[in-house]
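Read the structure below first, then the notes.
Here is how names work: the chains are called A, B, and so on, in the same order as the sequence lines, proteins then strands, and each is numbered from 1. For clarity, every value in this text was computed on a predicted model and none was experimentally measured.
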There are 2 protein chains.
Amino acid sequence: MTQAIAALGLTPSRTHLLWELGQRGPVTQQVLATALKITPRAVTGLVDALVGSGLVTREPHPTDRRATLVTLTSRAEALVSQLKRGHEALARSLFAPMARTEFDSFARGLDGVIVRLRTHLAATALESQRAKP
Amino acid sequence: MTQAIAALGLTPSRTHLLWELGQRGPVTQQVLATALKITPRAVTGLVDALVGSGLVTREPHPTDRRATLVTLTSRAEALVSQLKRGHEALARSLFAPMARTEFDSFARGLDGVIVRLRTHLAATALESQRAKP
DNA sequence: CCCGGATGGTTACCATTCTTCACTATAGAG
DNA sequence: CTCTATAGTGAAGAATGGTAACCATCCGGG
């Protein structure tokens, strides 16, 4: 993905933000911070850069004067839909050759692994929290 | 992995370098650059930091006076084997619950996906090379 | 109504990772 | 012995992300 992204003159993080914005429509930077799993401070920098590139605008929030709504420009919307098409094409070329039953059991296996990984991460996160205070 | 790594007072990149060094034994920085898929210049910085932490030493290459051999200290070796144990334990907890046949077909499916992904990457890499000159 | 705590965003500062370009020193082929 | 390729580094900078301090605004309980 990084290759295709760089070809469009974007960095991975900025693209990730555009992608989320494409999924959710205009949202506050807090929402973006949560979606991207970064701090609100980091969102500020990414939005600054994208505003500078004319891919995003900051609009005032209609009811909360503290917040800003980040919105895709039409240029960015075209770009995001191009990314989405590329993503779907890649996914198809990776998984289409698998037989249906083969794909299903593969997906089930992967689901199990992910569940166990999440469990493990939650457990170790609790441990480090207990180690701090 | 990043969590477990930080708990040992290491950064991800530096740990990756130690890991590779653990797999290969003493090697030149060129070899490390290739293994880590970064430029030789970046290796210099990582090795500098690890020398500062007493985890690695720079030894002169026996036959090539331009090159240096990067070597793990005993402290780093203990640390790497601890990482390896953690890695194996995690892998077991993720995959052990799968039945043998289930695991086999999962692994086969994953292999296929990876092969197709590599093919795709190679193709797009050629495209961007053709676009440059 | 208003006061105090919570929330949204930003300024300032720093660490990490990695890159490109220029340069030195050594190897090795012809 | 010269010419080129290779190993490593200095300088400068881009991108990503974090913490701490701070301001403006929101909102609920007195």
With rounding to the nearest 0.5 Å, note down the distance linking CG in A/Leu83 to CG in A/Leu8.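 Between atom CG of A/Leu83 and atom CG of A/Leu8 there are 6.0 Å.
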Inter-residue atom distance A/Phe106.CZ - B/Leu110.CG, 0.5 Å rounding: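 It is 5.0 Å, given to the nearest 0.5 Å.
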So, using side chain to side chain donor-acceptor pair (under 3.5 Å) as the criterion, who are the partners of [X] when residues are at least two apart?
X: A/Arg24; result: A/Glu20
X: B/Arg58; result: B/Gln29, B/Asp48
X: B/Thr57; result: B/Glu59

With salt bridge (Lys or Arg N to Asp or Glu O under 4.0 Å) as the rule and sequence neighbours excluded, what pairs involving [range] come up?
range: residues 25-34 of chain A; value: none
range: residues 68-79 of chain B; value: none
range: residues 34-44 of chain B; value: none

For [X] and [N], give me the distance from atom [atom1] to atom [atom2], rounded to whole Å.
X: A/His16; N: D/dA15; atom1: NE2; atom2: P; result: 18 Å
X: A/Asp48; N: D/dA15; atom1: CG; atom2: P; result: 13 Å
X: B/His61; N: D/dG8; atom1: NE2; atom2: P; result: 9 Å
X: A/Arg65; N: D/dC27; atom1: CZ; atom2: C1'; result: 14 Å
X: B/Leu69; N: D/dA7; atom1: CG; atom2: P; result: 12 Å

Taking only N/O atoms, report every protein-nucleotides 1-8 of chain C pair under 3.5 Å with atom names and distance.
from, atom 1, to, atom 2, distance (Å)
C/dT7, O2, A/Arg66, NH1, 2.4

Which ring pair (Phe, Tyr, Trp, His ring centres under 6.0 Å) pairs, counting each pair once, include a residue from residues 27-63 of chain B, with sequence neighbours left out?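 Sorted pair list comes back empty.
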Every protein N/O lying under 3.5 Å from an N/O of nucleotides 16-18 of chain D:
from, atom 1, to, atom 2, distance (Å)
D/dT16, OP1, A/Thr11, OG1, 2.5
D/dT16, OP1, A/Ser13, N, 3.2
D/dT16, OP2, A/Thr11, OG1, 3.3
D/dT16, OP2, A/Arg14, NH1, 3.0
D/dT16, O5', A/Ser13, OG, 3.4
D/dT16, O3', A/Ser13, OG, 3.2
D/dG17, OP2, A/Ser13, OG, 3.0
D/dG18, OP2, A/Thr39, N, 2.9
D/dG18, OP2, A/Thr39, OG1, 2.8

Within the structure provided, determine whether A/Leu55 and A/Leu10 are in side-chain contact (heavy-atom separation under 4.5 Å).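 Contact flag for A/Leu55/A/Leu10 side chains = yes.
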Test item: A/Thr68 and A/Thr28 side chains (from C-beta on) under 4.5 Å apart, heavy atoms: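 A/Thr68 does not reach A/Thr28 side chain to side chain.
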Between protein and nucleotides 21-23 of chain D, what N or O pairs are separated by less than 3.5 Å?
none

For the student: nearest non-hydrogen atoms of B/Leu46 and B/Ser13, plus distance: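 Heavy atoms of B/Leu46 and B/Ser13 come nearest at CD2-CB, 3.9 Å.
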Pairs in or reaching into residues 93-117 of chain A: which pass side-chain hydrogen bond (donor to acceptor under 3.5 Å, both in side chains), with residues at least two apart or in two chains?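 Every pair satisfying side-chain hydrogen bond (donor to acceptor under 3.5 Å, both in side chains) with a residue in residues 93-117 of chain A: there are none.
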Under a 4.0 Å heavy-atom cut-off, which of residues 18-26 of chain A touch DNA chain C?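 Nothing qualifies; none.
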